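Being a predicted model, the structure only gives us computed values, none of them experimental. Numbering starts at 1 and runs along the sequence shown.
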Amino acid sequence: MNFESEIKSIVDSFAPITLKEMDDVCLMRRVDMKFVFNTSLLPALLKKAAINYYVLDINQVREQVYETTYYDTNEYAMYNLHHNGKQNRYKVRVRKYVSSDMGFLEVKRKTNKGETIKNRIVCPAPYHDIDFDGSSKFLQKFTPYDEQILWPKLSNRFIRITLVNKDRSERITIDYKLIFKDLKYHEQIIPSNLCIAEIKRNRDSQKSSFLNTLNELHIKPSGFSKYCVGLAMLNPEVKTNLFKQKIRALYRL
């Protein structure tokens, strides 16, 4: 059995949860923990999780394809805030959920308390840019950036498996088969063995069997921004000092 078939077989063994049922697990204000590891560990991780977690099922599709375009200023203001270790920082992106054919303009804010606050509005088809009715007011409300100074800088595409624990207090996303593309230089990279898991839960959540399994597999927390790491790997204009160690770790994978 090849890797894709094995993953599908395991994912199909989970009890399903629908998008509507996930409404009370949106966790738009949350604490995140990210983990980066080789995809060879994914089957063992999923087998353990099948006992305590549901898997998101959209129209009988459980491995969802995501496409994202990140926006920044021409001076890469948002990237530089992250690179320089600033706590109050933003990401602006248009994300398309391919399986459900929906798109959203999303703003993620990381606070100085370590919280991630996400706001989003529906982005009309064909989900290519942020120039649509309502986008300007949305960005002015949730960011210090004006729509007129933001430009597409990086895109990515990946497969995501979304898990929800059975008491619905925690959401897990597992991303693999990533492709990064720099939209200025049109360079592309496919880190084929890269897998990123993210635990998203309320600040007062205490237990996580998924976290316990990660510990058993010796997978340690590791901050990882798809936008920043992708840009650092592909764009010669930006500073990369903070991300060099992460990039070296990716190549070791």
- Item | His82 and Lys91 side chains, donor-acceptor separation under 3.5 Å | yes
- Query: Does any non-hydrogen side-chain atom of Ile10 lie less than 4.5 Å from one of Pro43?
  - Reply: yes
- Note on the structure: Looking only at heavy atoms, the pair that brings Leu41 and Leu217 closest together is O-CD1, 4.3 Å
- Message: Given 3.5 Å as the limit, does a donor-acceptor pair link the side chain of Arg168 with the main chain of Glu21, or not?
- Response: yes
- Query: Under 30°, 30 to 60°, or over 60°: which ring-plane class applies to His83 and Tyr79, parallel, tilted or perpendicular?
  - Reply: parallel
- Note on the structure: Between the CD atom in Glu106 and the NZ atom in Lys118, the distance rounded to the nearest 0.5 Å is 4.0 Å
- Message: For the backbone of Ile130 and the side chain of Ser135, can you confirm whether one donor and one acceptor N or O come within less than 3.5 Å of each other?
- Response: yes
- side-chain contact (heavy atoms from CB on, under 4.5 Å) evaluation trace for Asp101 with Tyr127: CA-CA 10 Å; Asp101 195 32; Tyr127 321 119; 3.7 Å; yes
- Message: Check this for me: Asn59, atom CG, are more than 12 non-hydrogen atoms of other residues, nucleotides or ligands nearer than 6.0 Å?
- Response: no
- Task: Could you tell me which non-hydrogen atom of Leu178 sits nearest to which non-hydrogen atom of Phe180, and how far apart they are?
- Result: CD2-CZ, 3.6 Å
- Under 4.5 Å between any side-chain heavy atoms of Arg95 and Tyr66, yes or no? yes
- Message: Tell me whether Leu194 shares a hydrophobic cluster with Met233, the cluster being built from Ile, Leu, Val, Met, Phe, Trp, Tyr side chains joined at under 4.5 Å.
- Response: yes
- Query: Is NZ or CZ of Lys108 both nearer than 6.0 Å to the six-membered ring centre of Tyr227 and within 45° of the ring axis?
  - Reply: no
- Side-chain H-bond candidate by donor/acceptor type, Asn84 with Lys239, under 3.5 Å: yes
- Message: Could you check whether atom NZ of Lys86 has more than 12 heavy atoms from other residues, nucleotides or ligands sitting under 6.0 Å from it?
- Response: no
- Between the CE atom in Met33 and the CD atom in Glu198, the distance rounded to the nearest 0.5 Å is 10.5 Å
- Would you say Asn235 and Leu154 make side-chain contact, with heavy atoms under 4.5 Å? no
- Message: Under a 3.5 Å cutoff, is there a donor and acceptor pairing between the side chains of Glu170 and Tyr53?
- Response: yes
- Does atom CG of Asp133 have more than 12 heavy-atom neighbours, drawn from other residues, nucleotides or ligands, at distances under 6.0 Å? no
- Message: If I take atom CZ from residue Arg160 and atom OH from residue Tyr176, how far apart are they, to the nearest 0.5 angstrom?
- Response: 12.0 Å
- Message: Does atom NZ (Lys141) have a neighbourhood of more than 12 heavy atoms from anything else shown, all under 6.0 Å?
- Response: no
- Task: Check whether any side-chain heavy atom of Phe210 lies under 4.5 Å from a side-chain heavy atom of Asn52, and answer yes or no.
- Result: no
- Query: Minimum heavy-atom separation for Cys123 to Asp129, with atom names?
  - Reply: SG-O, 3.7 Å
- Taking the side chain as every heavy atom from C-beta outward, state whether Arg109 and Asn88 have any atom pair closer than 4.5 Å. yes
- Side-chain donor/acceptor of Asn112 to backbone N/O of Gln87, under 3.5 Å: no
- Item | NZ or CZ of Lys153 within 45° of Tyr76 ring axis and under 6.0 Å | yes
- Item | Derivation of the side-chain contact (heavy atoms from CB on, under 4.5 Å) call for Leu19 and Leu56 | CA-CA 7 Å; Leu19 274 174; Leu56 176 62; 4.1 Å; yes
- Euclidean distance, Glu75 CD relative to Thr73 OG1, rounded to 0.5 Å: 4.5 Å
- Item | Residue pair Pro16 / Arg62: nearest heavy atoms and the distance that separates them | CB-NH2, 3.4 Å
- Which pairs, with at least one residue in residues 103-125 and sequence neighbours excluded, count as a ring pair (Phe, Tyr, Trp, His ring centres under 6.0 Å)? Tyr97-Phe104
- Minimum-distance pair of heavy atoms, taken over all atoms of Asp146 and Leu150: O-CG, 3.6 Å
- Item | Ile121 side chain reached by Phe132 side chain, heavy atoms, under 4.5 Å | yes
- Of all the heavy-atom pairs spanning Pro236 and Leu234, show the shortest one and how long it is. CD-O, 3.6 Å
- Item | Shared hydrophobic cluster for Met22 and Ile58 (ILVMFWY, side-chain gaps under 4.5 Å) | yes
- Query: What about Val238 and Tyr145, same hydrophobic cluster or not, with Ile/Leu/Val/Met/Phe/Trp/Tyr joined at side-chain heavy-atom distances under 4.5 Å?
  - Reply: no
- side-chain hydrogen bond (donor to acceptor under 3.5 Å, both in side chains) partners of residues 243-253, not counting sequence neighbours, each pair once: none
- Message: Quick check on the hydrophobic clustering: are Phe158 and Phe224 connected, directly or via other members, by side-chain heavy-atom contacts under 4.5 Å?
- Response: yes
- Task: Test side-chain contact (heavy atoms from CB on, under 4.5 Å) on Ile174 and Cys195 and set out the steps.
- Result: CA-CA 7 Å; Ile174 302 171; Cys195 193; 3.7 Å; yes
- For the residue pair Tyr90 and Pro144, establish whether any side-chain heavy-atom pair is separated by less than 4.5 Å. yes
- Go through Tyr70 and Lys226 one step at a time and tell me if the side-chain contact (heavy atoms from CB on, under 4.5 Å) criterion holds. CA-CA 10 Å; Tyr70 292 91; Lys226 293 187 188 74; 3.9 Å; yes
- Query: Is the closest side-chain heavy-atom distance between Glu4 and Lys177 below 4.5 Å?
  - Reply: yes
- Report the C-alpha separation of Lys200 and Asp32 in whole Å, then their side-chain angles, then the decisive distance to 0.1 Å, and conclude whether the salt bridge (charged side-chain N to carboxylate O under 4.0 Å, His left out) test is met. CA-CA 5 Å; Lys200 307 173 185 185; Asp32 300 341; over 6 Å; no
- Query: Which value, rounded to the nearest 0.5 Å, describes the distance between Cys228 atom SG and Asp72 atom CG?
  - Reply: 8.5 Å
- CD1/Ile199 to CG/Leu211 distance, rounded to the nearest 0.5 angstrom? 4.5 Å
- In terms of hydrophobic clusters joined by side-chain contacts under 4.5 Å, are Tyr71 and Phe138 together? yes
